[in-house]
Peer 1: 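Please read through the structure below; I'll follow up with questions.
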Protein chains: 2
Amino acid sequence: MVLKNPIEKLNKIFESRIRLGVMSVLMVNEEVNFNDLKQLLEVTDGNLATHLNVLEESGYIKVHKSFIGRKTNTAYAVTRPGEKAFKDHLKILESMIRNIS
Amino acid sequence: MVLKNPIEKLNKIFESRIRLGVMSVLMVNEEVNFNDLKQLLEVTDGNLATHLNVLEESGYIKVHKSFIGRKTNTAYAVTRPGEKAFKDHLKILESMIRNIS
DNA sequence: AAAAAGCACTTTGTAATACAAAGTTAATAA
DNA sequence: TTATTAACTTTGTATTACAAAGTGCTTTTT
């Protein structure tokens with residue numbers, strides 16, 4: 001058997017269901033704010049915050065704080081490296097899928 | 001925003017990189033033995049054993065112990081429910097990918 | 001025949017991760 | 001003024017991942 005390790009290239013950051021969800025939402029929406037993400041993914045705010053932190057610290061998303069009127073709004077968006085990393089990850093998954101079906 | 005939660009249907013069992021790897025290997029090979037899996041996925045034997053246990057206990061793979069000569073051989077294969085569960089999981093991933101690209 | 005090595009684990013221990021819940025601060029609505 | 005919302009941080013617990021060592025049996029090497 002001389003197959004290659006099929007998992008070595010999968011990005012550990014995207015192993016988490018929640019972070020995968022965040023990325024997939026942010027890939028199709030320019031900007032999404034904290035609360036919308038929270039309701040969309042059905043997670044507690046503390047939990048979401050920590051996952052967002054992981055994504056931010058790895059440079060895959062960026063935060064954009066602004067005011068809507070005098071109220072603060074926190075919106076998240078993917079960065080260029082985040083887009084690349086996520087697409088790369090999906091490519092690996094895709095090739096696994098293609099192998100199988 | 002009335003999008004659906006994109007992650008609720010993802011199978012928790014397949015969140016692990018290693019279990020994902022095991023499944024993807026077993027989907028394209030009738031049977032793979034312990035040692036081949038271990039070398040293919042580059043994991044320690046203890047770690048592999050526990051992940052295989054999780055997959056077996058959830059009914060997604062089955063074990064086939066036999067003798068090659070007088071030496072024991074432990075081979076793993078996907079079960080029918082395992083095949084279905086994995087394909088379902090991949091379908092969700094696929095739809096996420098399709099949404100994005 | 002004795003020693004070393006391989007297979008397929010189990011056990012043990014540690015470190016990382018996930019998560020909920022409660023607390024926080026500042027603003028806004030009732 | 002009280003209550004509520006947003007977006008967190010902190011705290012604590014439970015789960016998970018993983019490596020490493022130990023086990024019992026077999027095979028290979030010397």
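Here the structure is a predicted model, which means the values were calculated and not measured. Each chain gets a letter, A, B and so on, in the order its sequence line appears, and its residues count up from 1.
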Peer 1: Taking side-chain hydrogen bond (donor to acceptor under 3.5 Å, both in side chains) as the definition, give me every residue that meets it alongside A:K62, ordered by chain and number, with sequence neighbours left out.
Peer 2: none

Peer 1: To the nearest Å, give me how far apart NZ (A:K12) and C1' (C:dT17) are.
Peer 2: 11 Å

Peer 1: Indicate whether OP1 or OP2 belonging to C:dT10 is found under 4.0 Å from a side-chain N or O atom of B:N53.
Peer 2: yes

Peer 1: Classify the nucleic acid contact of B:D45 as base, sugar-phosphate or nothing, counting any heavy atom under 4.0 Å across all strands shown.
Peer 2: base

Peer 1: Looking at residues at least two apart in the chain, or sitting in another chain, which of them share a side chain to side chain contact (heavy atoms under 4.5 Å, CB included) with B:K87?
Peer 2: B:M27, B:E83

Peer 1: Rounded to whole Å, please give me the gap between CG in A:L48 and C1' in C:dA18.
Peer 2: 13 Å

Peer 1: Can you list every ring-ring contact (aromatic ring centres under 6.0 Å, His included) pair that touches residues 26-60 of chain A, not counting sequence neighbours?
Peer 2: A:F14-A:Y60

Peer 1: Going by number, which of residues 55-76 of chain B have a non-hydrogen atom under 4.0 Å from DNA chain C?
Peer 2: B:K65, B:K71, B:N73, B:T74, B:Y76

Peer 1: A:D45: what forms a side-chain hydrogen bond (donor to acceptor under 3.5 Å, both in side chains) with it, not counting sequence neighbours?
Peer 2: none

Peer 1: Could you work out, with side-chain hydrogen bond (donor to acceptor under 3.5 Å, both in side chains) as the rule, every residue matching B:K84, not counting sequence neighbours?
Peer 2: B:D88

Peer 1: With sequence neighbours left out, write down each residue that passes side-chain hydrogen bond (donor to acceptor under 3.5 Å, both in side chains) with B:H89, or none if nothing qualifies.
Peer 2: none

Peer 1: Remember a base hit wins even if backbone is also touched, and classify A:T50 as base, sugar-phosphate or nothing at under 4.0 Å, heavy atoms.
Peer 2: nothing

Peer 1: Round to the nearest Å and state the distance from A:R17 atom CZ to C:dA18 atom P.
Peer 2: 11 Å

Peer 1: Closest approach of A:A77 and A:E30, non-hydrogen atoms and distance?
Peer 2: CB-O, 3.3 Å

Peer 1: Could I get the full list of side chain to side chain contact (heavy atoms under 4.5 Å, CB included) partners for B:T50, not counting sequence neighbours?
Peer 2: B:N47

Peer 1: Using atom CG of A:L52 as one end and atom C1' of C:dA18 as the other, report the distance to the nearest whole Å.
Peer 2: 14 Å

Peer 1: What range of DNA chain D does chain A touch, first nucleotide to last, counting atoms under 4.0 Å from its heavy atoms?
Peer 2: D:dA6 to D:dC18

Peer 1: Heavy atoms only, 4.0 Å cut-off, all strands: where does A:I18 land among base, sugar-phosphate and nothing?
Peer 2: sugar-phosphate

Peer 1: Does A:I92 have any side chain to side chain contact (heavy atoms under 4.5 Å, CB included) partners at least two apart in sequence or in another chain, and if so, which?
Peer 2: A:K9, A:L10

Peer 1: Just the dot-bracket of DNA chain D, please: which string comes out with Watson-Crick or G-U pairs under 3.5 Å, [ ] for crossing, | for another strand?
Peer 2: ||||||||||||||||||||||||||||||

Peer 1: Once rounded to the nearest 0.5 Å, what's the spacing between atom CD1 of B:I61 and atom CD of B:E31?
Peer 2: 11.5 Å

Peer 1: If each of B:T44 and A:N35 is mapped to the nucleotide of DNA chain D with the nearest heavy atom, which maps nearer the 5' terminus, i.e. the 5' end?
Peer 2: A:N35

Peer 1: For A:V54, which residues count as a side chain to side chain contact (heavy atoms under 4.5 Å, CB included) partner, sequence neighbours excluded?
Peer 2: A:I13, A:R19

Peer 1: Roughly, in whole Å, what's the span from CG in B:D36 to C1' in C:dC9?
Peer 2: 16 Å

